[in-house]
Asker: 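Encoded as structure tokens, here's the structure I'll be asking about.
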Amino acid sequence: MDNLCDALEKLKLTGSDYPSDKLDRYLDCLLQALGQNNVQSSEKILQSGILQVFASLLNSQTSCTAKIAHIIAEVAKNEQLRIPCVDAGLIPPLVQLLNCKDQEVLLQTGRALGNICYDSHEGRRAVDQAGGAQIVVDHLRSICTLTDPANEKLMTVFCGMLMNYSNENDTLQAQLINMGVIPTLVKLLGVHSQNTPLTEMCLVAFGNLAELESSKEQFASTNVADELVKLFKKQTEHEKKEMIFEVLAPLAENDAIKLQLVEAGLVECLLDIVHQTVSSDKDDDIAELKTASDLMVLLLLGDESMQKLFEGGKGSVFQRVLSWLPSHNHQLQLAGALAIANFARNDGNCIHMVDNGIVQKLIDLLDRHVEEGNVTVQHAALSALRNLAIPVVKKQNVVSCGAGAEEC
């Protein structure tokens, strides 16, 4: 701490008047102190007033620029230091540094801006006003196909910076979408699918953007469905699958993307998960079963995707869904009944299903829950029966199976 205070005092008094080698030594002292005790050292740095000196130093690029940006990145890990970084005028010179060619300067500048933006409205506003997001998006677009480790690390930092910049902020998310970031991120995911940190950062960025309705059209114009399904097939860990599920769920609300996901083979992946987890009593497996079966039902809400999976009543997916009705698993019973209700939105499908005894399977399911009393499953089964009864020509068939109420 004594060395830190001495270094801060000298930096504050002389600033850029020091020769680079001495300046470099004092900056190393700050980095070492931050590495040993970030919170306490950051407080000392704030109290010293050196942040304003850093703003001045950043305006004239030197061999020490990357270290100054690195120090700011470390300091900005502390929530209470982010607004002082903005107030010290650090954002405009940091954003200007995004235009330089030096890889280390770009990396540390991206980290600094990302940390200042983290959960900070003031940080995001300052970066927005300085035009930082557009420069980062342009960088990603220009380097997204490069596969060397240094550029992959830089892309990971830039994706993280955009995530912190736009997280839970619809206006800034819409801004990134208008800048065309989505096709770039999709391409990045495809090229770098073997790079776990970059892939995960990309998925989190997708999750941020996919909630916005305006993003769906851009996502639908890319091959995001193929890339996500390919990535999903490679996963063995529950946490990694969950990350992809969190992106798939909002995207699957769009009918065009529903069809793309079906054509990419997502349904087969979901059915495999159901098969692997249905007998397990582990919490992770139970959660995965629910997520997979819920997503399956969501995919059937699209007319084209639903018809593709029905395949005239002979499709393997439709047959697997039917097998869920007599299951002892309430989640599968629920998903099966909801899936039948979705298939029954088409009159031709209704006629086929009634002719093939689906009504009786649903009535049997209702009977089982008279005593067990799972109201959610009952409502789903009744919804399916109601949809099956819609084609007038087949209403009598439903009533004759005992689904109609007695006249009063």
Side-chain angles (χ1 to χ4, degrees), residues 242 245 248-249 252-253 258 262 266-303 305-307 309-310 313 315-347 349-391 394-395 397-406:
E242 191 62 33
F245 273 139
L248 289 170
E253 292 171 3
K258 283 184 179 76
V262 168
L266 178 61
V267 173
E268 288 74 16
C269 296
L270 299 178
L271 291 174
D272 284 344
I273 287 175
V274 170
H275 178 70
Q276 293 161 10
T277 58
V278 66
S279 301
S280 174
D281 57 0
K282 294 180 181 176
D283 289 344
D284 283 352
D285 288 342
I286 292 169
E288 204 166 283
L289 172 68
K290 183 179 187 315
T291 304
S293 55
D294 285 348
L295 185 53
M296 180 80 183
V297 172
L298 180 58
L299 292 174
L300 292 172
L301 284 171
D303 289 339
S305 54
M306 179 264 289
Q307 284 301 96
L309 293 172
F310 190 69
S316 60
V317 173
F318 174 64
Q319 297 301 324
R320 289 279 292 277
V321 166
L322 284 186
S323 72
W324 294 354
L325 294 179
S327 164
H328 295 291
N329 186 295
H330 286 182
Q331 174 60 33
L332 277 193
Q333 293 170 2
L334 173 63
L338 291 172
I340 297 300
N342 285 337
F343 281 126
R345 288 182 293 109
N346 175 283
D347 285 359
N349 295 356
C350 284
I351 292 169
H352 176 89
M353 287 191 283
V354 171
D355 285 344
N356 284 272
I358 306 303
V359 172
Q360 189 59 55
K361 292 179 185 293
L362 289 166
I363 292 170
D364 291 344
L365 179 60
L366 279 171
D367 287 343
R368 290 169 66 184
H369 284 278
V370 169
E371 293 182 6
E372 295 176 36
N374 191 308
V375 177
T376 309
V377 175
Q378 289 177 7
H379 285 176
L382 288 169
S383 175
L385 286 168
R386 181 192 62 212
N387 285 2
L388 287 169
I390 287 172
K394 284 295 169 181
K395 273 190 179 177
N397 299 53
V398 178
V399 173
S400 68
C401 289
E406 183 179 345

Asker: Just say parallel, tilted or perpendicular for the rings of F343 and F310, cut-offs at 30° and 60°.
Answerer: tilted
Asker: Roughly how far, to the nearest 0.5 Å, is the CG atom of L334 from the OG atom of S293?
Answerer: 7.5 Å
Asker: Ignoring hydrogens and geometry, is there a side-chain-to-backbone donor-acceptor pair from K258 to A252 under 3.5 Å?
Answerer: yes
Asker: With rounding to the nearest 0.5 angstrom, report the CZ to CG distance, R368 to L325.
Answerer: 9.0 Å
Asker: If you round to the nearest 0.5 Å, how far is CD of Q360 from CG of L365?
Answerer: 11.5 Å
Asker: At what distance, to the nearest 0.5 angstrom, does NZ of K282 lie from CG of L289?
Answerer: 14.5 Å
Asker: With F245, which residues qualify under ring pair (Phe, Tyr, Trp, His ring centres under 6.0 Å), at least two apart?
Answerer: F232
Asker: Using a 3.5 Å cut-off and no angle test, enumerate the donor-acceptor pairs between side-chain atoms of residues 266-275 and protein atoms at least two apart in sequence or in another chain.
Answerer:
none

Asker: So do the side chains of L301 and E253 get within less than 4.5 Å of each other, counting heavy atoms only?
Answerer: no
Asker: If you round to the nearest 0.5 Å, how far is CG of L388 from CD1 of I340?
Answerer: 7.5 Å
Asker: How far does CG of D294 sit from CD of Q331, to the nearest 0.5 angstrom?
Answerer: 5.0 Å
Asker: For T277, run the side chain to side chain contact (heavy atoms under 4.5 Å, CB included) check against I286, T291, D285 and tell me which one passes.
Answerer: D285
Asker: Looking only at side chains, do H330 and N374 share a donor and an acceptor under 3.5 Å apart?
Answerer: yes
Asker: Sort out for me which residue in V359, I358, L366 forms a side chain to side chain contact (heavy atoms under 4.5 Å, CB included) with L362.
Answerer: I358
Asker: With a 4.5 Å limit on heavy-atom distance, are the side chains of V375 and H369 in contact?
Answerer: no
Asker: Mind checking side-chain contact (heavy atoms from CB on, under 4.5 Å) for N356 and listing every partner two or more places apart, or none if nothing turns up?
Answerer: H352
Asker: Can a side-chain donor-acceptor contact be found between H328 and Q333 if the only test is distance below 3.5 angstrom?
Answerer: no
Asker: Keeping the roles fixed (side chain from R345, backbone from C350), state whether a donor-acceptor pair exists under 3.5 Å.
Answerer: no
Asker: Hey, mind stepping through M353 and N349 against side-chain contact (heavy atoms from CB on, under 4.5 Å) and telling me if it holds?
Answerer: CA-CA 6 Å; M353 287 191 283; N349 295 356; 4.2 Å; yes
Asker: Under the side-chain contact (heavy atoms from CB on, under 4.5 Å) criterion, do M306 and F318 qualify, and how do the steps go?
Answerer: CA-CA 10 Å; M306 179 264 289; F318 174 64; over 6 Å; no
